[in-house]
Amino acid sequence: MNEEIIDQIAQNNKDAPEVIEEKKMVTWLVFSVAEKKYAIKSGDVLEIIRDVAVYKLPFMPDYVEGVINRRGDPFAVINPRSLIGDTDTTPPAAPLFLIFKRDDDQLSIHISDILFFAEMEEGSLNQIPEKNEEDFFLGTIAYKDEEIPVINPNAFEILIRKDLGSA
């Protein structure tokens with residue numbers, strides 16, 4: 001009797017379709033700022049725009065270059081070089097901007113170039129231990145024997161709010 005049940009279970013398992021667990025993937029946008037590579041989740045980017053003028057704003061912190069006009073909407077332009085520890089804080093020469101996808105503000109960063117998109121498994125981010133929401137880096141991703149720092153887009157908003165007294 002037990003052998004019949006075991007045989008029946010084995011037969012049912014053979015007939016059942018094999019369940020393949022699908023891994024969730026994340027697409028990373030890898031870009032450069034003055035010859036250094038950085039990454040951001042592509043889902044955090046609304047748009048990449050080129051060849052737009054930056055309009056200077058008075059009385060702003062040095063890292064705020066000004067604003068750009070995107071279809072009639074102003075977006076603050078952040079120069080990330082001075083914030084991420086670069087000794088040369090000159091804005092990138094290329095007029096290329098990553099516009100962040102945000103619900104509550106309109107921010108962009110000035111970058112040098114778009115390098116590539118990389119699709120990786122969801123857990124591929126090597127997080128920085130004991131990081132907080134104000135840190136400019138979330139961690140790194142490993143791509144072709146390279147560790148690429150991942151930018152935290154929320155940190156830019158937090159810093160601006162703090163510096164302008166609206167935090």
Side-chain angles (χ1 to χ4, degrees), residues 22-54 56-57 60-68 70 73-167:
E22 212 172 294
K23 296 181 180 183
K24 290 188 177 182
M25 302 299 280
V26 174
T27 302
W28 297 95
L29 168 60
V30 179
F31 59 95
S32 66
V33 176
E35 306 301 321
K36 294 181 183 176
K37 292 180 185 175
Y38 299 97
I40 188 170
K41 281 186 182 178
S42 65
D44 290 338
V45 177
L46 177 65
E47 189 174 359
I48 302 164
I49 58 175
R50 177 182 301 278
D51 297 330
V52 294
V54 176
K56 303 288 184 197
L57 295 173
M60 295 302 287
D62 290 342
Y63 59 87
V64 177
E65 288 182 43
V67 294
I68 56 175
R70 178 189 165 264
D73 293 323
F75 282 80
V77 177
I78 307 299
N79 174 4
R81 292 184 77 180
S82 61
L83 299 175
I84 56 181
D86 204 337
T87 54
D88 181 5
T89 60
T90 307
L96 187 60
F97 307 92
L98 284 184
I99 295 181
F100 294 141
K101 185 185 290 183
R102 318 247 335 137
D103 293 331
D104 56 349
D105 57 24
Q106 295 172 303
L107 286 176
S108 67
I109 60 172
H110 196 161
I111 64 171
S112 300
D113 199 7
I114 298 294
L115 301 176
F116 56 89
F117 288 89
E119 191 171 57
M120 299 179 178
E121 289 183 21
E122 190 170 30
S124 61
L125 175 65
N126 302 316
Q127 293 186 345
I128 297 172
E130 300 179 26
K131 68 169 178 49
N132 64 44
E133 62 183 12
E134 296 179 18
D135 292 336
F136 290 110
F137 299 106
L138 296 171
T140 63
I141 55 170
Y143 185 80
K144 294 186 178 179
D145 300 326
E146 220 178 338
E147 288 290 324
I148 302 172
V150 175
I151 297 282
N152 176 10
N154 295 328
F156 298 105
E157 175 191 355
I158 292 168
L159 180 63
I160 289 173
R161 289 185 187 280
K162 192 183 287 185
D163 286 350
L164 297 180
S166 61

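Rounding to the nearest 0.5 Å gives a distance of 9.5 Å between CG of D51 and CD1 of I49. In this structure, CZ in F31 is found 4.0 Å from CD1 in I109, a value given to the nearest 0.5 Å. Atom CD1 in I148 sits 13.5 Å away from atom CD1 in I40 (nearest 0.5 Å). Atom-to-atom distance recorded for K37:NZ and D113:CG is 11.0 Å, nearest 0.5 angstrom. Note: I99 CD1 to F75 CZ = 5.0 Å, rounded to the nearest 0.5 Å. Note that CD1 of I78 is 10.5 Å distant from CD of E157, once rounded to the nearest 0.5 Å.
The shortest side-chain heavy-atom distance between K162 and E134 falls under the 4.5 Å cut-off. Residues E121 and M25 have side chains in contact (heavy-atom distance under 4.5 Å, counting atoms from C-beta outward). Put simply, the side chain of K41 reaches to within 4.5 Å of the side chain of V26, judged on heavy atoms. Side-chain contact between M60 and D163: absent, with no pair of heavy atoms (C-beta onward) separated by less than 4.5 Å. At a threshold of 4.5 Å between non-hydrogen side-chain atoms, the residues I151 and F137 count as touching. Counting only heavy atoms from C-beta outward, the side chains of W28 and S124 approach each other to under 4.5 Å.
Of the possible donor and acceptor atoms, none in the side chain of H110 sits under 3.5 Å from a partner among the backbone N and O of N79.
Open room surrounds CG on D62; 12 or fewer heavy atoms of other groups in view lie less than 6.0 Å from it. Around CD of E35, the count of heavy atoms belonging to other residues, nucleotides or ligands within 6.0 Å does not exceed 12.
By the side-chain hydrogen bond (donor to acceptor under 3.5 Å, both in side chains) test, N154 is found to be paired with R102, residues two or more places apart in sequence or in another chain being considered. For F136, the ring pair (Phe, Tyr, Trp, His ring centres under 6.0 Å) criterion is met by F156, not counting sequence neighbours. For F117, the side-chain contact (heavy atoms from CB on, under 4.5 Å) test picks out T27, L29, S42, with sequence neighbours left out.
Between V33 and P92, the shortest heavy-atom contact is CG1-CG, 4.2 Å. S32 approaches I111 most closely through the heavy-atom pair O-CB, 3.6 Å. Residue V67 comes nearest to A76 through the heavy atom pair CG1-CA, 4.1 Å, listed as atom of the first residue, atom of the second, then distance. Minimum interatomic distance between A34 and R81 (heavy atoms only, all atoms of both residues): CB-CZ, 3.4 Å.
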What verdict does the side-chain contact (heavy atoms from CB on, under 4.5 Å) test give for T89 and Y63, after you've listed the backbone C-alpha separation in whole Å, the side-chain angles of each residue and the deciding distance to 0.1 Å? CA-CA 8 Å; T89 60; Y63 59 87; over 6 Å; no
Report the C-alpha distance between V150 and L125 in whole Å, list the side-chain angles of each, state the deciding distance to 0.1 Å, and finish with yes or no for side-chain contact (heavy atoms from CB on, under 4.5 Å). CA-CA 8 Å; V150 175; L125 175 65; 3.6 Å; yes
